[in-house]
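Proteins get letters first, then strands, A, B, ... in listed order; numbering begins at 1 in each. From a predicted model like this one, the values you see are computed outputs, not experimental measurements.
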Amino acid sequence: MNCVEQSNETKGSMAQKRDNITLLRNLNAEQRKAVEHVDGPNLILAGAGSGKTRVLTHKIGYLIERKKSPPQNILAMTFTNKAANEMKERVVQLIKGDIRGLWIGTFHANFARILRKNCEKLGYSYNFAIYDESDQLSLIKAIIKDLDILPASKVSPKGIHSKIKFLKNANVTFDEFEKIYQGYVDESLRLVYSHYTKRLKDNNAMDFEDLLLKSIELFTLFPAVLAYYQNMFRYLLVDEYQDTNRLQYDLLKLLSAQYRNISVVGDDDQSIYQWRGADIRNILEFEKDFPECTIFRLEQNYRSTTNILKVAHSIISHNVHRMDKELWTKNDCGEKICLKIATDAYEETNFIIQKIESEIQLNQRNFSDFAILYRINAQSRVIEMALKNSGINYVIIGGVRFYARKEIKDVLAYLKVLVNPKDSISLRRIINYPQRGIGAATFEKIEKYSLQKNISVFEAMKKINEIDSISQTKRQGISEFIYLIEKYLQLKSSISTGELIPALIDDLGILSDLKKEGTHEAYNRIENIRELMFSINEFIKQNPELTLENYLENVALISDIDSLDNKANAVSLITLHSAKGLEFPVVFITGLEEGLLPLARQMAYEHGLEEERRLFYVGVTRAKEKLYLSAAKFRRQPNDNSNGSVSRFLNEIDKSLIEIDRNSYHHASPASRDTQTAKSIIEMENSNQSTARLKPGMLVRHPRFGTGVIRKVDGIGEEVKAYILFEELGEKIIKVKFCKLEILS
DNA sequence: GAGCGGCCTTTTTTT
DNA sequence: AAGGCCGCTC
């Protein structure tokens with residue numbers, strides 16, 4: 001990184017000078033001022049690539065080395081675990097001293113830690129479970145079913161879930177909320193919410209929001225606890241401040257109230273988490289809540305070319321509610337940004353592959369120099385296939401998250417029950433896995449009984465003989481299950497976790513069952529479970545003092561980006577959101593048309609902003625040298641030739657800085673293509689593009705099923721399916737990949 | 001009455 | 001890829 005050396009050193013003692021040389025050497029004037037300001041609140045507005053992380057790490061180093069602050073008096077909030085680890089490493093490198101005791105992690109991780117210690121005061125026990133999205137949803141579904149009074153068709157569990165989440169993140173009461181968002185809160189929501197709260201507590205479980213909400217409750221109800229932590233955290237540092245929500249902000253205000261030494265670092269232009277409650281007002285109003293605050297502005301970019309910065313600025317400047325600023329850089333102009341206008345995702349992908357290949361040939365780049373960004377994970381499929389065919393190494397970050405896979409969740413559910421037997425959601429998962437002949441109906445009977453008797457589901461299972469409506473064979477199955485769990489509950493205290501888990505998996509026969517299945521899918525599941533066992537062992541090896549409880553918490557709060565291995569020589573496929581904080585020499589942003597501007601419109605609507613805040617992700621400046629944008633609809637409907645978003649995009653952008661590649665866009669509309677390809681046999685196995693040519697209404701001949709008419713075409717990549725109405729057989733669904741269709745008209 | 005298997009739909013983004 | 005829904009079977 002080409003940082004500017006500091007020339008006009010401040011006057012001071014020799015000792016101070018020496019310290020400055022070692023510690024503050026790599027900072028520019030404004031960065032240095034921001035680092036040295038540690039007493040009192042300060043807001044550091046740091047544009048993309050302006051050395052935000054550098055300032056934070058130096059500040060921590062400065063506090064420990066120069067201010068002689070014990071590490072345990074510093075609390076640093078990062079956005080991901082990965083960022084926390086990197087920051088920790090960098091501080092260690094910087095000061096070459098001991099940073100043990102430093103609190104650094106995500107909001108959720110830091111407050112989970114505080115709650116583990118103090119939650120008994122709130123009626124939870126230390127081994128509380130953390131429910132992920134699907135656990136939360138299961139609970140809400142169970143409640144809706146249970147309440148029965150709601151016409152099931154009128155309430156969507158997902159809708160209720162997202163509303164509850166939104167309410168929690170905003171940290172307001174129903175009544176306050178109703179005033180602002182009329183019609184948002186209704187009786188059914190109120191009812192489900194109150195049951196949801198109760199059931200979570202019954203299960204000794206918290207959702208993500210509870211980790212913050214219960215911390216506030218703890219601090220409010222027990223001022224002594226608050227005082228303890230206020231005193232402990234003399235210095236608060238917050239990264240990615242623009243993406244904090246109201247709840248997080250309220251916590252920060254509480255914790256910083258005593259010493260008021262709070263440093264927040266953020267950039268309103270990089271706020272991309274409003275959909276999960278991030279409140280841009282936190283940054284705009286920081287000055288009001290901390291009137292004595294000092295503001296620093298970091299506007300020199302060290303990362304990107306001038307052209308990339310200018311393009312980013314020409315788009316971002318159209319946003320409303322924005323603090324005015326413009327980044328500048330000493331870097332070269334660089335090449336023009338390339339905008340590819342493609343007909344569909346296949347053409348878009350071919351373009352990307354061509355560019356990667358030529359960059360490697362002409363500029364000796366490695367695979368790891370490239371990132372392909374998209375907005376939704378499903379978009380990776382087409383790209384993945386094409387990269388595979390071209391022999392380009394790639395890694396997908398995210399997608400179906402490892403810890404969200406069914407087999408992994410199943411195994412983890414056993415562990416969660418062993419840690420916290422009150423966890424009824426995990427019990428529900430495993431009661432019939434492996435199959436014991438106990439279905440949903442039986443489980444719900446047991447659940448109902450537990451609610452009646454006010455005991456946990458686990459306790460109710462132990463008393464299965466008291467539940468009349470359950471047949472003898474089912475009682476038998478449940479008793480065997482209870483016996484198994486109790487056996488492992490005992491083993492848990494006598495053997496190590498490293499031994500316990502393989503024994504349990506073996507006892508359940510999970511791997512041998514999957515082996516018997518023999519499918520490719522089952523094989524993958526086996527691999528995943530092995531991978532899980534390996535990761536547990538690694539965790540134990542690295543943290544011998546930690547327990548199974550700690551492992552489960554770690555898993556619950558992990559994110560995909562945390563596992564990104566920068567050393568692999570592979571192209572990174574990643575969502576725009578996950579890519580936050582990463583940088584690559586060459587970046588492709590795909591699906592421009594589908595993804596970005598419509599999203600902004602929707603968010604503006606949902607969050608009640610008066611005006612549309614057009615979020616063009618400034619993440620684009622994560623590109624160091626070259627930026628390729630591409631506009632192709634991810635799932636373009638057959639007759640949709642619109643390019644509305646792109647033309648609007650073009651209106652906003654400074655056209656002298658971009659080069660538009662619209663090659664085949666005009667002369668190959670879908671219709672003309674069809675005529676060209678009529679009567680040709682399409683080799684489905686080896687051509688992705690051909691699958692795109694199948695359109696509803698086409699008459700086709702299948703080698704075995706005869707002729708038929710395509711009703712619709714669905715899916716992408718390997719998954720493309722055609723719904724075909726055959727003359728003799730009726731409708732069939734054909735996996736296009738595995739057959740040869742002859743197009744007749 | 002319950003469980004189970006097959007078929008269909010649906011999926012932003014994440015701690 | 002996984003959950004919802006439906007119809008089949010015990």
Side-chain angles (χ1 to χ4, degrees), chain A residues 77-84 105-112 130-134 136-138 141 152 156-158 162 165 168-169 206-212 240 243-245 247-248 272-278 373-381 397-401 403-410 431-432 435-445 469-471 473-474 477 521 524-525 528 553-562 574-580 591 594-596 598-600 602-603 606 615 617 619 634-635 712 714-716 719 721 723 731-733:
Chain A
M77 303 288 194
T78 60
F79 202 67
T80 62
N81 297 298
K82 183 168 185 274
T106 61
F107 271 90
H108 293 85
N110 283 324
F111 287 104
I130 298 171
Y131 278 177
D132 68 12
E133 189 114 1
S134 77
Q136 295 162 26
L137 217 49
S138 305
K141 281 175 196 159
S156 91
K158 274 210 155 153
S162 76
K165 212 166 99 173
K168 283 183 156 186
N169 277 319
M206 298 196 194
D207 62 16
F208 289 129
E209 286 70 40
D210 276 348
L211 294 175
L212 310 177
E240 306 282 7
D243 283 326
T244 54
N245 59 39
L247 194 49
Q248 292 166 328
I272 58 169
Y273 281 90
Q274 289 177 14
W275 51 271
R276 82 172 204 211
L373 311 188
Y374 36 80
R375 193 170 68 84
I376 62 178
N377 282 310
Q379 283 171 287
S380 71
R381 300 293 298 269
I397 295 129
V400 180
R401 309 170 63 184
Y403 291 101
R405 293 204 164 118
K406 188 189 170 298
E407 63 276 16
I408 300 301
K409 285 216 73 170
D410 289 335
I431 184 67
N432 206 28
Q435 288 191 346
R436 299 182 178 90
I438 317 284
T442 305
F443 186 86
E444 274 151 29
K445 278 181 197 164
S469 57
I470 290 175
S471 72
T473 49
K474 303 228 156 55
E521 198 183 55
N524 278 338
R525 292 189 193 276
N528 287 336
E553 172 172 318
N554 187 49
V555 164
L557 299 178
I558 213 161
S559 71
D560 295 312
I561 192 66
D562 296 336
I574 190 166
T575 62
L576 284 154
H577 283 88
S578 289
K580 184 167 199 173
E594 172 86 9
L596 300 173
L599 166 80
Q602 179 196 336
M603 291 213 292
E606 281 178 7
L615 288 167
Y617 300 82
F634 167 44
R635 282 184 194 171
K712 68 166 180 168
D714 194 27
I716 45 173
E719 296 298 313
K721 285 182 242 169
Y723 295 66
E731 186 163 296
K732 290 234 171 242
I733 300 162

Between B:dA2 (P) and A:K474 (NZ): distance, integer Å: 8 Å
Touch class at under 4.0 angstrom, heavy-atom based, for A:I438 against every strand present: sugar-phosphate
Side chain A:N432, main chain A:G439, donor-acceptor under 3.5 Å: no
Short side-chain to backbone donor-acceptor contact, A:Y131 and A:F208, under 3.5 Å: no
Sugar-phosphate only, base, or nothing, as touched by A:N432 at under 4.0 Å among non-hydrogen atoms: sugar-phosphate
A:K168 NZ - B:dT14 C1' separation (whole Å): 16 Å
Spacing between A:D243 atom CG and B:dT14 atom P, to the nearest angstrom: 13 Å
Integer-rounded Å distance: B:dT15 C1' and A:I130 CD1: 10 Å
Whole angstrom value for the distance that separates P of B:dT13 from CG of A:L576: 11 Å
Donor-acceptor under 3.5 Å (A:E444 side chain, A:A441 main chain): no
Touch class at under 4.0 angstrom, heavy-atom based, for A:K409 against every strand present: nothing
d(CG, A:N81; C1', B:dT14) in whole Å: 12 Å
Below 4.0 Å: OP1/OP2 of B:dG3 and any side-chain N or O of A:T442: yes
5' precedence on DNA chain B between A:H108 and A:A441 (nearest-nucleotide basis): A:A441
Residue-phosphate contact under 4.0 Å: A:K158 side-chain N/O, B:dT10 OP1/OP2: no
Any A:K141 side-chain nitrogen or oxygen under 4.0 Å from OP1 or OP2 of C:dG4: yes
Short side-chain N/O contact to B:dG3 OP1/OP2 from A:Q435, under 4.0 Å: no
Residue A:E407, side-chain atoms from C-beta onward, closest of B:dT15, C:dA2, B:dA2: C:dA2
Whether A:D207 side chain and A:I130 backbone form a donor-acceptor pair below 3.5 Å: no
Backbone N/O of A:S469 and side chain of A:K445: donor-acceptor pair under 3.5 Å: yes
Which residue lies more 5' along DNA chain B, comparing A:R436 with A:T575 via nearest heavy atoms: A:R436
Per A:T106 side chain, nearest of listed nucleotides C:dG4, B:dG3, B:dT15: B:dT15
Sugar-phosphate only, base, or nothing, as touched by A:E133 at under 4.0 Å among non-hydrogen atoms: base
Nearest-Å distance for atom pair CD/P, residues A:E240 and B:dT13: 19 Å
Length of the line joining A:K82:NZ and B:dT15:C1', which is rounded to integer Å: 16 Å
Sugar-phosphate only, base, or nothing, as touched by A:F107 at under 4.0 Å among non-hydrogen atoms: nothing
Heavy-atom donor-acceptor pair, A:N81 side chain to A:L557 backbone, under 3.5 Å: yes
Sugar-phosphate only, base, or nothing, as touched by A:A556 at under 4.0 Å among non-hydrogen atoms: nothing
Touch class at under 4.0 angstrom, heavy-atom based, for A:S578 against every strand present: sugar-phosphate
